[in-house]
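Here's the structure, in structure tokens; my notes come after.
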Protein chains: 2
Amino acid sequence: MTNEPNIGLLAFLVYRHMEQRVMAEVIAAGHQVTLSQARLFERVDDAGSRLTDLAESAQLTKQSAAYLVDELVAAGYLTRSPDPRDGRARLITITDKGREAIALARTVEARVEAEWKARLGEDGVEELRALLLRLREIVDPYWTGPKADE
Amino acid sequence: MTNEPNIGLLAFLVYRHMEQRVMAEVIAAGHQVTLSQARLFERVDDAGSRLTDLAESAQLTKQSAAYLVDELVAAGYLTRSPDPRDGRARLITITDKGREAIALARTVEARVEAEWKARLGEDGVEELRALLLRLREIVDPYWTGPKADE
DNA sequence: TATAATAGTCAGACTATCTGACTAAATCAC
DNA sequence: GTGATTTAGTCAGATAGTCTGACTATTATA
């Protein structure tokens with residue numbers, strides 16, 4: 001494989017590094033979360049998510065998502081409650097313990113990005129973010145246009 | 001999760017898109033390869049790789065790597081032969097069928113990057129690649145410095 | 001040459017994933 | 001408004017891919 005590294009692979013290395021740095025500190029802080037759980041967890045909306053939406057967003061089956069949500073509920077990071085607006089649905093929401101983990105993750109993310117700034121410069125990192133954001137529009141099926149994010 | 005998307009997550013979306021596009025076409029072309037197999041396969045060196053190196057590069061245990069290599073050998077994409085320079089080791093090399101799959105993957109990668117150029121411009125894509133390459137140096141543990149790649 | 005390190009395999013367990021079949025509730029079509 | 005269809009989620013079972021621990025064979029080292 002002696003090739004000009006393609007952008008997909010380079011992006012993977014960046015993504016994996018960030019994920020590993022965050023996971024390492026989250027686990028070091030005593031949180032008992034697996035990678036699969038974390039990947040689903042980070043998609044839970046502040047206002048609560050439905051299982052079906054979570055599954056779609058994470059590109060998993062509902063069954064797989066339910067399995068991971070069960071574990072995250074048992075570990076105290078999420079709760080399920082009936083959705084008042086739809087008797088079939090249940091709302092999955094983040095607990096205080098879950099928010100603590102998110103806060104820690106945000107801290108680590110900021111620290112890693114700071115390291116990247118030391119390498120690429122403030123301008124370089126912002127240029128990178130801008131380019132990736134524009135790519136997101138054609139690369140992320142859950143992108144619904146500017147501002148429609150929330 | 002109503003946050004300024006961090007670069008790690010944005011990089012993930014880009015990586016996943018490329019991977020899915022490539023896998024979809026590789027499978028459509030009749031190759032019977034799973035994602036896990038492909039992720040290992042793409043790390044096999046042109047000159048042949050050792051299992052231990054593959055495992056380390058893909059961040060798997062030797063056992064897991066061996067399991068995937070077994071499948072790729074059975075499917076005709078790889079072969080194993082004794083390493084003439086080390087009686088303990090075996091050299092894992094790419095078959096002609098494996099090279100066909102790689103050629104196809106390269107074609108799809110080029111097509112996807114062309115789409116990205118339509119969005120970001122030629123300059124934008126090259127700027128993105130340049131930034132990711134510089135980040136690679138601090139983000140990829142198997143990076144051994146310029147030119148030492150081979 | 002005895003000891004330690006390295007390359008890989010064997011055996012067994014477990015996590016995360018899937019497919020298929022199902023229940024209950026909401027929505028749609030008259 | 002009732003019957004058919006769609007939607008949200010669960011239950012049961014299978015499987016892929018991953019791990020840990022223990023082992024063999026070969027090479028390198030003291």
Side-chain angles (χ1 to χ4, degrees), chain A residues 12 16 19-20 23-24 26-27 31-45 47-75 77-93 142, chain B residues 12 16 19-20 23-24 26-27 31-45 47-75 77-93 142:
Chain A
F12 167 70
R16 185 180 61 179
E19 183 177 74
Q20 288 179 341
M23 281 302 288
V26 164
I27 285 168
H31 291 288
Q32 305 241 333
V33 185
T34 69
L35 194 51
S36 297
Q37 288 165 10
R39 285 174 179 161
L40 190 71
F41 178 69
E42 74 179 346
R43 294 174 185 273
V44 178
D45 194 276
S49 295
R50 292 191 180 180
L51 182 65
T52 302
D53 296 335
L54 275 183
E56 187 182 15
S57 152
Q59 301 193 12
L60 293 172
T61 60
K62 291 183 293 180
Q63 294 91 327
S64 299
Y67 171 83
L68 296 170
V69 167
D70 282 348
E71 292 180 327
L72 286 162
V73 167
Y77 296 101
L78 295 176
T79 51
R80 290 197 226 234
S81 48
D83 184 335
R85 275 169 304 189
D86 188 336
R88 296 166 302 181
R90 308 176 68 182
L91 226 42
I92 295 158
T93 51
Y142 300 95
Chain B
F12 167 71
R16 185 181 62 179
E19 183 177 73
Q20 289 179 342
M23 281 301 287
V26 164
I27 285 169
H31 292 288
Q32 305 241 334
V33 185
T34 68
L35 195 49
S36 297
Q37 288 166 8
R39 284 174 179 161
L40 190 71
F41 178 69
E42 74 179 346
R43 293 174 186 275
V44 178
D45 193 273
S49 296
R50 292 190 179 183
L51 182 66
T52 302
D53 296 336
L54 274 184
E56 187 183 14
S57 150
Q59 302 192 10
L60 293 172
T61 60
K62 291 185 293 180
Q63 294 91 326
S64 298
Y67 171 83
L68 295 170
V69 168
D70 282 348
E71 291 180 328
L72 287 163
V73 168
Y77 296 102
L78 295 176
T79 51
R80 289 196 228 234
S81 48
D83 184 336
R85 276 168 304 189
D86 189 336
R88 295 166 299 181
R90 309 176 67 183
L91 226 43
I92 294 158
T93 50
Y142 300 96

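Worth knowing before you read on, the calculation uses all heavy atoms, side chains too, and leaves out hydrogens, waters and symmetry mates.
- Residues meeting the side-chain hydrogen bond (donor to acceptor under 3.5 Å, both in side chains) test with E56(A), sequence neighbours left out: none.
- One can place CG of L72(B) at 13 Å from C1' of dG17(D), the figure rounded to the nearest angstrom.
- Remark: L91(B) engages R50(B), S81(B), D83(B) in a side chain to side chain contact (heavy atoms under 4.5 Å, CB included) (not counting sequence neighbours).
- Between Y77(B) and the options Q37(B), Q32(B), H31(B), a side-chain hydrogen bond (donor to acceptor under 3.5 Å, both in side chains) holds for only H31(B).
- Judged as a side chain to side chain contact (heavy atoms under 4.5 Å, CB included), and not counting sequence neighbours, the contacts of A66(A) are L51(A).
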Practice problem: Encode nucleotides 1-14 of chain C as B, S and - characters from 5' to 3', where the letter depends on protein heavy atoms closer than 4.0 Å: B to the base, S only to sugar-phosphate, - to neither. | Solution: ----BBSBBB----
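- For dA16(C), neither phosphate oxygen OP1 nor OP2 lies less than 4.0 angstrom from any side-chain nitrogen or oxygen of S64(A).
- Atom CD of Q59(B) is separated from atom P of dC19(D) by 10 Å (rounded to the nearest Å).
- Using five terminal pairs a side, the axes of the helix from dT1(C)-dA30(D) to dC30(C)-dG1(D) at its two ends make an angle of 30°, given in steps of 10 degrees.
- Distance, Y67(A) OH to dG13(D) P: 17 Å, rounded to whole Å.
- We find that CG of L60(B) is positioned 17 Å from P of dA16(D), with the value rounded to whole Å.
- Atom pair L54(A):CG and dT7(D):C1' shows a separation of 16 Å (rounding to whole Å applied).
- Listed by chain and number, the residues in a side chain to side chain contact (heavy atoms under 4.5 Å, CB included) with T79(B) are T93(B), T95(B) (sequence neighbours excluded).
- At the heavy-atom level, E71(B) lies under 4.0 Å from the strands shown only through sugar-phosphate atoms.
- L35(A) places its CG atom 11 Å from the P atom of dC19(D), with the value rounded to the nearest Å.
- Residue T61(A) places at least one side-chain N or O closer than 4.0 Å to OP1 or OP2 of dC18(C).
- Every residue meeting the side chain to side chain contact (heavy atoms under 4.5 Å, CB included) condition with I27(A), not counting sequence neighbours, appears here in chain and number order: M23(A).
- Note: CG (L78(A)) to C1' (dG9(D)) measures 16 Å, nearest angstrom.
- A side chain to side chain contact (heavy atoms under 4.5 Å, CB included) with L54(A) is found for exactly one of D45(A), V44(A), L68(A), L78(A), namely V44(A).
- Remark: R90(A) pairs with no residue by the salt bridge (charged side-chain N to carboxylate O under 4.0 Å, His left out) rule, at least two apart or across chains.
- Among pairs with a residue in residues 60-74 of chain A, those fulfilling salt bridge (charged side-chain N to carboxylate O under 4.0 Å, His left out) read D70(A)-R80(A), at least two apart in sequence or across chains.
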